[in-house]
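To keep things clear, I will list the structure first and then write my remarks on it.
Values below: all heavy atoms of this structure, side chains included; hydrogens, waters and symmetry mates excluded.
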Amino acid sequence: MTTALLRTAQELHARTREGRRAVVMTMGALHEGHAGLIRAARRIAGPDGEVVVTVFVNPLQFGAGEDLDRYPRTLEADLKVAEQAGADAVFAPSVDEVYPGGDPQVRITAGPMGERLEGASRPGHFDGMLTVVAKLLHLTRPDVALYGQKDAQQLALIRRMVRDLNFGIEIVAVPTAREADGLALSSRNRFLSPDERRTALALSRALFAGRDRHAAQEALRARAREVPATQARAEALSAIGESRAAADAHAVATASPGGPAAVRAAARQVLDDAAHYDPPLELDYLALVDPSDFTEIGDDHTGEAVLAVAARVGATRLIDNIPLTFGSLGAAS
């Protein structure tokens with residue numbers, strides 16, 4: 001197939017449309033993570049639908065001192081990636097096309113959720129992100145839009161905006177794509193030197209350490225639920241020469257899992273160690289949050305959670321996260 005390059009909304013709206021339109025929004029510099037999103041969009045749209053990839057570096061979501069000018073712009077290569085992954089069209093508008101009157105006077109605000117974690121580190125970022133997402137959703141008119149879970153807070157805010165403002169568009173999350181060594185795929189990875197990349201691996205290792213601690217705790221919870229901690233049970237086991245088994249069963253049944261605090265501690269240890277690497281990892285935040293509002297969860301939390309980290313290695317800032325499920329709903333995702 002040949003992927004069309006479109007520069008204006010008029011060109012996009014003039015296309016004959018059959019079936020569902022699935023949109024993947026990007027800022028370009030496409031990599032395998034984006035390709036995975038496009039392939040997922042292709043499956044959702046089906047053979048009769050249409051997949052549109054947007055490529056737009058949004059100036060509104062870059063703060064002072066951030067890398068707007070440094071952000072890679074590789075449209076020719078992006079077209080090839082999009083085409084190979086199954087896109088029907090790449091919509092790459094100019095700034096004037098998206099913001100014809102200059103910086104918009106009316107913008108969407110992310111509210112309290114947009115002031116936490118990434119929002120605290122990058123004031124105004126999420127307001128700019130939501131404003132351009134709203135604009136691009138209106139310009140592309142999709143039935144479904146797909147976003148990666150690597151930007152978990154962004155995904156949560158887009159879902160909230162679409163729900164709160166009645167956009168009538170389905171939002172689909174696609175799992176984070178990782179390189180073989182565990183590093184989450186990002187257009188910013190290209191800025192890392194070999195030594196910086198080795199340090200950057202601490203982000204995913206920290207998340208995996210937290211996930212592994214969580215999985216062990218949930219296994220302990222499951223075993224405790226299966227083994228009644230009763231005196232009668234202990235006596236019965238002792239009577240047939242299984243006193244040690246009874247003691248173990250009782251210990252498991254009465255053990256208090258470490259919960260969220262233990263998960264945070266396991267991840268934090270990896271990050272603390274990385275602070276002494278050469279070059280060092282400079283931690284911005286490590287958080288274990290409720291995905292509905294990105295507030296820190298308590299030790300009694302049950303249900304879904306997100307373990308998220310952001311750090312700087314050299315001049316490059318990286319983020320990563322993994323989803324977890326606590327308590328009665330099961331083990332790690």
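- At least one side-chain heavy atom of L130 sits under 4.5 Å from a side-chain heavy atom of I158.
- Taking all atoms of both residues into account, the shortest heavy-atom contact from L271 to A202 is CD2-O, 3.9 Å.
- For the residue pair L117 and A287, the shortest heavy atom distance occurs at CD2-CB, 3.7 Å.
- At distances below 3.5 Å, at least one donor-acceptor pair connects side-chain atoms of E83 with backbone N or O atoms of T3.
- To the nearest 0.5 Å, the span separating CG on N321 from OG1 on T176 amounts to 5.5 Å.
- Criterion: ILVMFWY side-chain heavy atoms under 4.5 Å apart, direct or through other members. Under it, V289 and M113 are part of a common hydrophobic cluster.
- In this structure, V263 and L288 have side chains that are in contact, with non-hydrogen atoms separated by less than 4.5 Å.
- Here the side chain of T199 pairs a donor or acceptor atom with the backbone of P279 at under 3.5 angstrom.
- The CD atom of E304 lies 8.5 Å from the CG atom of D290; values are rounded to the nearest 0.5 Å.
- Taking the salt bridge (charged side-chain N to carboxylate O under 4.0 Å, His left out) definition, one finds that R205 meets it with nothing, sequence neighbours left out.
- At distances below 3.5 Å, not a single donor-acceptor pair connects side-chain atoms of R21 with backbone N or O atoms of A45.
- Using a 4.0 Å cut-off between a side-chain N of Lys or Arg and a carboxylate O of Asp or Glu, D88 and R17 do not qualify as a salt bridge.
- Criterion: ILVMFWY side-chain heavy atoms under 4.5 Å apart, direct or through other members. Under it, M27 and L75 are not part of a common hydrophobic cluster.
- Here the closest non-hydrogen pair linking L5 and A92 is CD1-CB, 4.0 Å.
- Side chains of D293 and T295: a donor on one and an acceptor on the other come within 3.5 Å.
- Following chains of ILVMFWY side-chain contacts shorter than 4.5 Å, one can reach M25 starting from L12, so the two form part of one hydrophobic cluster.
- Using a 4.5 Å heavy-atom threshold, the side chains of I171 and M161 count as separate.
- Contact annotation: the side chain of R107 never approaches that of D127 to less than 4.5 Å [non-hydrogen atoms, C-beta and beyond].
- Residue A85 comes nearest to A35 through the heavy atom pair CB-O, 3.8 Å, listed as atom of the first residue, atom of the second, then distance.
- In this structure, NE2 in H214 is found 13.0 Å from CG in L207, a value given to the nearest 0.5 Å.
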Handout entry: Step-by-step side chain to side chain contact (heavy atoms under 4.5 Å, CB included) determination, L203 to I319
Key = CA-CA 8 Å; L203 273 75; I319 63 172; 5.9 Å; no
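- Clustering ILVMFWY residues whenever any of their side-chain heavy atoms sit less than 4.5 angstrom apart, transitively, puts L136 in a cluster other than the one holding V144.
- Residues passing the salt bridge (charged side-chain N to carboxylate O under 4.0 Å, His left out) test with E32, sequence neighbours excluded: R39.
- Follow the hydrophobic side-chain contacts under 4.5 Å out from L6 and you never reach L79; the two are in separate clusters.
- Salt-bridge formation is detected for the pair D181/R197: a Lys NZ or Arg NE/NH1/NH2 atom is positioned less than 4.0 Å from an Asp or Glu carboxylate oxygen.
- The aromatic rings of H138 and F167 lie parallel to each other, with less than 30° between the two planes, well short of the 60° mark.
- Residue pairs satisfying the salt bridge (charged side-chain N to carboxylate O under 4.0 Å, His left out) criterion with at least one member in residues 270-286, sequence neighbours excluded, are listed as follows: D284-R317.
- The shortest distance between side-chain heavy atoms of F326 and I297 falls below 4.5 Å.
- E218 contributes atom CD, which lies 14.0 Å from atom CZ of R211 (distance to the nearest 0.5 angstrom).
- Across all their heavy atoms, A82 and I38 have their closest contact at CA-CD1, 3.9 Å.
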What side-chain donor-acceptor pairs closer than 3.5 Å can you find for residues 52-59, not counting sequence neighbours?
unit_1: N58; atom_1: OD1; unit_2: L60; atom_2: N; d: 3.3
unit_1: N58; atom_1: OD1; unit_2: Y99; atom_2: OH; d: 2.7
unit_1: N58; atom_1: ND2; unit_2: Q61; atom_2: OE1; d: 2.8
unit_1: N58; atom_1: ND2; unit_2: G128; atom_2: O; d: 3.0

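- Put simply, the side chain of R42 gets close to the backbone of G46: a donor and an acceptor are under 3.5 Å apart.
- Residues F91 and E11 form no side-chain contact, since every pair of their non-hydrogen atoms from C-beta on lies 4.5 Å or further apart.
- Between E170 and R20 the shortest side-chain heavy-atom distance falls below 4.5 Å.
- Under the 4.5 Å side-chain criterion, counting only non-hydrogen atoms from C-beta, L183 is not in contact with D320.
- Residues G33 and L185 share a closest heavy-atom pair of N-CD1, 3.3 Å.
- In this structure, the side chain of R213 does not engage the main chain of A266 through any donor-acceptor pair within 3.5 Å.
- One finds the CG atom of N189 at 8.5 Å from the OG1 atom of T316 (value rounded to the nearest 0.5 Å).
- A distance of 13.0 Å separates OG in S121 from CD in E115, rounded to the nearest 0.5 Å.
- The ring-ring contact (aromatic ring centres under 6.0 Å, His included) contacts involving residues 2-22 comprise nothing, where partners must be two or more places apart or lie in separate chains.
- Pairs of residues two or more places apart, or lying in two chains, that qualify as side chain to side chain donor-acceptor pair (under 3.5 Å) and include a residue from residues 144-163 are R160-D164.
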